[in-house]
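Numbers restart at 1 for each chain; the letters A, B, ... are given by sequence-line order, proteins then strands. These numbers come from a predicted model, not from an experiment.
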2 protein chains.
Amino acid sequence: MTGQSPRPKGRRPGDSGTKEQILDAARDLFADVGFERATIRAIATKASVDPALVHHYFGTKDELLVAALQLPVDPAVLFAGIGTEEGNGRGAGETVVRRVLALWDDTDTRAPLLALLRTAVSHERAAAALGELFANTLLAQMATLADRDDASLRAALVGSHIGGLVLGRYVLRLPPLAGAAPDDIAGMVGPVLDHYLSGDLARPAL
Amino acid sequence: MTGQSPRPKGRRPGDSGTKEQILDAARDLFADVGFERATIRAIATKASVDPALVHHYFGTKDELLVAALQLPVDPAVLFAGIGTEEGNGRGAGETVVRRVLALWDDTDTRAPLLALLRTAVSHERAAAALGELFANTLLAQMATLADRDDASLRAALVGSHIGGLVLGRYVLRLPPLAGAAPDDIAGMVGPVLDHYLSGDLARPAL
DNA sequence: CAAAGAACTCAACAAACGTTGACTTATTGC
DNA sequence: GCAATAAGTCAACGTTTGTTGAGTTCTTTG
């Protein structure tokens, strides 16, 4: 092995999915080390590509960020059925927790979500995006509750509890949380979410 | 304004609290923009000091981080009384929430805490520190519950819920959470914490 | 009052960063 | 089949970064 395969110079024949490779690499690195430490050079290397190509496709690094942060999950699906007549009451919260954990336990979907969370905490723009995401989509799904005047507060309580769960299990990796089975967690947290969704906030029935 | 006061060259007379100024500046910047974007030069400028002095005192930037991350709050005080005979049952969770919010609403104590949270999400070392902090000190305060075999799980649930609350109110700034009065939040979240602390996790009394 | 050391600045280092422009190769439209 | 354009590499740019070593001024110790 003397010549270590110097990359060919021009365009590749056929349909190389290079653009997606770059996005995948970017999401992986954003998720692993956050926005600042994920250098364009590292992303390019991971995608087996020249750094200049990243700019050729996405322009500046910030633009690459917003391109990589496009959610692979429709949040409306996550909360589908919450607050409707059938989905209301017992089990709704548990279902949501189970869906969220399933999403985060799958390696493919975890990367972009972790990337979003990591950057949201340090990047003002991503924070706003995540905030709107929770506020709008969760609220929109709380159909039968939407007329209550405290609906957005209820949504915020639910969202923040789920956020804390994710933070503890996947970012901080608190042992009891990271080690527990999804069903167990859903069984314990779900009822609390139900309470936040439809219970009496002032006079809790505990 | 021709000569813009070039700094004197040697040691200052008297007792200049420069070391603390540097730590304060570091905490402010870590809290504002996170670890990576808080450059040593910016910290030094904010502290009205030469960048080299930062190294003179704290060595590498990572060492400055751990020095700045020393909590200004004894977490044991935060959870004092939780799980004891008097503090148990009604009101314990509400008290904790009120204490936590008071801490985060105070600008002086918020900076180092925000710095800790921001860096914990992107820095492996800070994440471990925050994790241990919650696990150990919260657990240690749950006196009467410590013999239960699920004590650490209960502590993790409480900690993650509080973490989510902080995340939503101070980092993402979700309007309903950021705008609510501390007492209102404590009234709604407190009972849930009580449930996590001493309620029946498997068969929730909702 | 001299010597040791702490506090402090200055100038510069090497490395890494995001970004750019010129160039080469394949594909597409007419 | 010939231009226009997209896909791709290469080498280099100007900054900014963390960090260092030498030098200067004050304080402390004996």
Side-chain angles (χ1 to χ4, degrees), chain A residues 3-26 29-30 32-69 119 122-123 125-126, chain B residues 3-27 29-30 32-69 115 119 122-123 125-126:
Chain A
Q4 194 76 6
S5 70
R7 286 204 212 91
K9 313 205 69 172
R11 183 174 186 163
R12 304 291 178 272
D15 207 26
S16 63
T18 313
K19 206 169 174 180
E20 279 305 323
Q21 286 180 27
I22 294 177
L23 280 177
D24 284 348
L29 281 175
F30 286 157
D32 278 355
V33 298
F35 178 73
E36 328 286 343
R37 310 182 69 155
T39 75
I40 290 213
R41 282 172 165 87
I43 292 171
T45 300
K46 187 160 193 168
S48 309
V49 141
D50 189 276
L53 192 60
V54 178
H55 286 95
H56 174 56
Y57 275 129
F58 302 100
T60 162
K61 192 184 177 185
D62 278 304
E63 293 173 308
L64 172 61
L65 175 68
V66 317
L69 250 44
T119 56
S122 78
H123 227 75
R125 199 163 167 185
Chain B
Q4 192 75 10
S5 71
R7 286 206 212 90
K9 313 204 68 172
R11 182 174 186 165
R12 305 290 179 273
D15 207 26
S16 63
T18 313
K19 205 169 174 180
E20 280 304 321
Q21 286 180 27
I22 294 177
L23 279 177
D24 284 348
R27 277 190 274 255
L29 282 175
F30 286 158
D32 279 355
V33 298
F35 177 74
E36 328 286 343
R37 310 182 71 155
T39 75
I40 290 212
R41 280 172 167 86
I43 292 170
T45 300
K46 185 159 195 169
S48 309
V49 140
D50 190 275
L53 192 61
V54 179
H55 286 95
H56 174 55
Y57 275 128
F58 302 100
T60 163
K61 192 184 177 185
D62 278 305
E63 292 173 308
L64 171 61
L65 175 67
V66 317
L69 251 43
T119 55
S122 77
H123 226 75
R125 200 164 166 183

In whole angstroms, how far is the [atom2] atom of [N] from the [atom1] atom of [X]?
{"X": "A:Arg37", "N": "D:dG18", "atom1": "CZ", "atom2": "C1'", "answer": "13 Å"}
{"X": "A:Asp62", "N": "C:dC17", "atom1": "CG", "atom2": "P", "answer": "16 Å"}
{"X": "A:Glu36", "N": "D:dT16", "atom1": "CD", "atom2": "P", "answer": "16 Å"}
{"X": "B:Leu65", "N": "D:dG18", "atom1": "CG", "atom2": "P", "answer": "13 Å"}
{"X": "B:Leu64", "N": "D:dT19", "atom1": "CG", "atom2": "C1'", "answer": "13 Å"}
{"X": "B:Lys19", "N": "C:dA6", "atom1": "NZ", "atom2": "P", "answer": "11 Å"}
{"X": "A:Phe58", "N": "D:dA7", "atom1": "CZ", "atom2": "P", "answer": "11 Å"}
{"X": "A:Lys61", "N": "C:dG18", "atom1": "NZ", "atom2": "P", "answer": "4 Å"}

**Report entry** Value rounded to 0.5 Å, distance of CG in A:Leu53 from OG1 in A:Thr18
**Finding:** 6.5 Å
Report summary line: CG (B:Leu23) and CD1 (B:Ile43) are apart, to the nearest 0.5 Å, by 9.5 Å
State, to 0.1 Å, how close [X] and [Y] come at their nearest heavy-atom pair, and which atoms those are.
{"X": "B:Glu63", "Y": "B:Phe58", "value": "CB-O, 3.1 Å"}
{"X": "B:Ala26", "Y": "B:Ala68", "value": "CB-CB, 4.3 Å"}
{"X": "B:Ala47", "Y": "B:Gln21", "value": "O-OE1, 3.3 Å"}
{"X": "A:His55", "Y": "A:Thr60", "value": "CD2-CA, 4.5 Å"}

Query raised in the report: Considering only heavy atoms, which members of residues 49-57 of chain B lie under 4.0 Å from some atom of DNA chain C?
Result: B:Val49, B:Asp50, B:Ala52, B:Leu53, B:His56, B:Tyr57
Requested in this report: Give a yes or no on this: more than 12 heavy atoms of other residues, nucleotides or ligands lie within 6.0 Å of atom NZ of A:Lys19.
Outcome: no
Query raised in the report: Could you walk me through whether B:Tyr57 and B:Leu64 pass the side-chain contact (heavy atoms from CB on, under 4.5 Å) check?
Result: CA-CA 9 Å; B:Tyr57 275 128; B:Leu64 171 61; over 6 Å; no
Query raised in the report: Counting just side-chain N and O atoms, does B:Thr39 come under 4.0 Å of either OP1 or OP2 of D:dT16?
Result: no
Query raised in the report: Given C:dC8, is OP1 or OP2 found less than 4.0 Å from the side-chain N or O atoms of B:Thr18?
Result: yes
Please enumerate all protein N or O atoms sitting under 3.5 Å from an N or O of nucleotides 12-15 of chain D, with distances to 0.1 Å.
none

**Report entry** For A:Arg37, all residues meeting salt bridge (charged side-chain N to carboxylate O under 4.0 Å, His left out), sequence neighbours excluded
**Finding:** B:Glu36
